[in-house]
Amino acid sequence: MGGTETTVEPVPAESAIAAATACPRCSEPCGDLPAVSTTRFGELGLRRCQRCGSRYTAGDPPARVVACENCGIASIEQGKSGTTTCEVCSAAAESTYSDDGVALATETEVLSALDREVETVTSETLAAYLDRVARLVADQMQDAPQSPRVVIVDNGSFETLALPSGTLLISRGMLATLQDEAELVFMLAHELAHVATGAAAGSLVRLSLGQVTRRAESDDDGWILAAMDLIRLGHGTPAEHEADTLALDTLLALEYDPQSALRFLRRIERRIDDGGSEAQEYALAHPPPRDRARRLERALARAAESDSPPRVNRDVFRRAAGTQALESSLTRVRGLGDAFSPPEAADTSGPDMRRLVWSAVGIFVLTGLILAAGWILAR
Ligand SMILES: [Zn+2]
Ligand SMILES: [Zn+2]
Ligand SMILES: [Zn+2]
């Protein structure tokens, strides 16, 4: 993730493309963050206007990027509708990547590739604490994975990646920006919501099949590049807002202070406004924190007043995951540590699962060929 990979030819996070002065959609200046390069959009860096939330390529002329209505993957907008259907969904191949077995097999391949590339950090106390809070959140959320686990990636940027089995990769920088347990609950609940709604599985499989198909001869790179693209592109604005709503519901149900979610979002907003490079990928992957906070405020105004005093558990959080804990008690681990084992929901390590995911790749290639043939015939 981010700057920690060692051997994969990196897609530079910072594009050399000069900062655009105004958003093509709302014409307002759109902040100082440089464009972020992704594998999916090649050399074209992408940026997100922090005023209207639209994403666009840094090319000339800029093209607007919107989430596929079906799978949430970022695609160039067709026409002026503000919606689009990506190349795979328009060929109606959705069933290929909404299959649970394919999702878990894909996750195993991605974890196995990441295990060779990333460095993680851990401490017994922190790991136990994070897993306990993640389980608390998962128990409260419908369709959430039963045994979520949190892996801390040794990276100072704000990065999060939710995998279909409930493994959450969270960067050290992301953890360091949290100030209490309620904020942690909101952040973990947002990620677990992506798992519960199926967005995590859909996006991962969809991006992986695309990358691996393109890079069949160097397959490991494809899995990692897909994971990195997912970190940088997110799940699309509707899915991100849906995850926020579910996270807020969880916060309220567990009787945490919902204002913590707003404090967390405003802190991120300030880092983006200040042009902090640690926030650039997060700023591209998620709708503007200002919009997210405004939506949560409206939802809170609608929510019935709770009788019980909201809690933030600041002291518990500080002892387990505060600045001192992050600075003094972490040990470095090569790879994903204990997190690298097949997801529990299925045995995905055997040759059958390998065959399954590679046959999905085959179907994906076939879909591409059919699409290309259709395109040629239509001309
Ligand atoms: Zn704009
Ligand atoms: Zn799609
Ligand atoms: Zn998200």
Side-chain angles (χ1 to χ4, degrees), residues 20-31 33 40 46-58 62 64-78 82-98 158-163 168-171 174 186-210 229-248 250 261 264-265 268 272 281-292 295-296 364 367-368 371:
T21 50
C23 165
R25 182 146 172 262
C26 71
S27 311
E28 290 295 313
C30 46
L33 285 181
R40 177 159 170 76
L46 293 184
R47 53 161 47 92
R48 185 191 289 273
C49 169
Q50 290 298 311
R51 186 175 178 275
C52 71
S54 58
R55 288 180 289 183
Y56 50 91
T57 63
R64 192 167 170 220
V65 168
V66 292
C68 166
E69 298 184 292
N70 191 29
C71 69
I73 287 303
S75 292
I76 301 279
E77 181 184 40
Q78 296 142 6
T83 59
T84 199
T85 308
C86 76
E87 63 277 15
V88 175
C89 294
S90 47
E94 192 212 357
S95 56
T96 309
Y97 52 86
S98 58
F158 301 164
E159 289 180 0
T160 52
L161 179 66
L163 295 169
L168 307 179
L169 271 57
I170 309 286
S171 66
M174 186 86 247
F186 178 76
M187 193 265 290
L188 293 179
H190 174 103
E191 295 307 317
L192 285 171
H194 287 316
V195 179
T197 59
S203 305
L204 184 73
V205 175
R206 170 70 185 77
L207 277 172
S208 297
L209 295 188
D229 263 14
L230 188 49
I231 291 167
R232 292 168 180 174
L233 296 173
H235 300 283
T237 301
E240 296 299 341
H241 286 316
E242 185 187 13
D244 276 350
T245 305
L246 289 170
L248 182 67
T250 307
F264 164 70
L265 290 171
I268 298 219
I272 293 173
E281 294 178 335
Y282 192 89
L284 178 66
H286 298 80
R290 203 171 289 135
D291 281 4
R292 297 172 65 190
R295 278 167 180 265
L296 294 185
F364 189 83
T367 306
L371 267 179

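Just follow the structure's listing: the first ligand is 1, and inside any ligand the first atom is 1. On a predicted model such as this, the values are computed, not experimentally measured, just so you know.
Rounded to 10°, the angle formed at the Zn ion (ligand 1) by Cys23 SG and Cys52 SG is 110°. The SG atom of Cys71, the Zn ion (ligand 2) and the SG atom of Cys86 define an angle of 110° (nearest 10 degrees).
Taking 2.8 Å as the criterion, Glu191 does not count as a coordinating residue of the Zn ion (ligand 3), since none of its N, O or S atoms falls below it. For the Zn ion (ligand 3), the N/O/S atoms of His286 include none lying under 2.8 Å. Among the atoms of His190, an N, O or S atom falls under 2.8 Å from the Zn ion (ligand 3).
For the pair Leu233/Ile73, no side-chain contact is recorded, criterion being any heavy-atom separation below 4.5 Å from C-beta on.
Of all N, O or S atoms in Glu240, the one lying closest to the Zn ion (ligand 3) is OE1.
Side chains of Glu242 and His194: no donor on one and acceptor on the other come within 3.5 Å.
Using modelled atom types, no side-chain atom of Arg295 and backbone atom of His241 make a donor-acceptor pair closer than 3.5 Å.
Using a 30° and 60° split on the angle between ring planes, His286 and His190 fall in the tilted class, from 30° to 60°.
Here Arg292 pairs with Asp244 in a salt bridge; the nearest charged N to carboxylate O distance falls below 4.0 Å.
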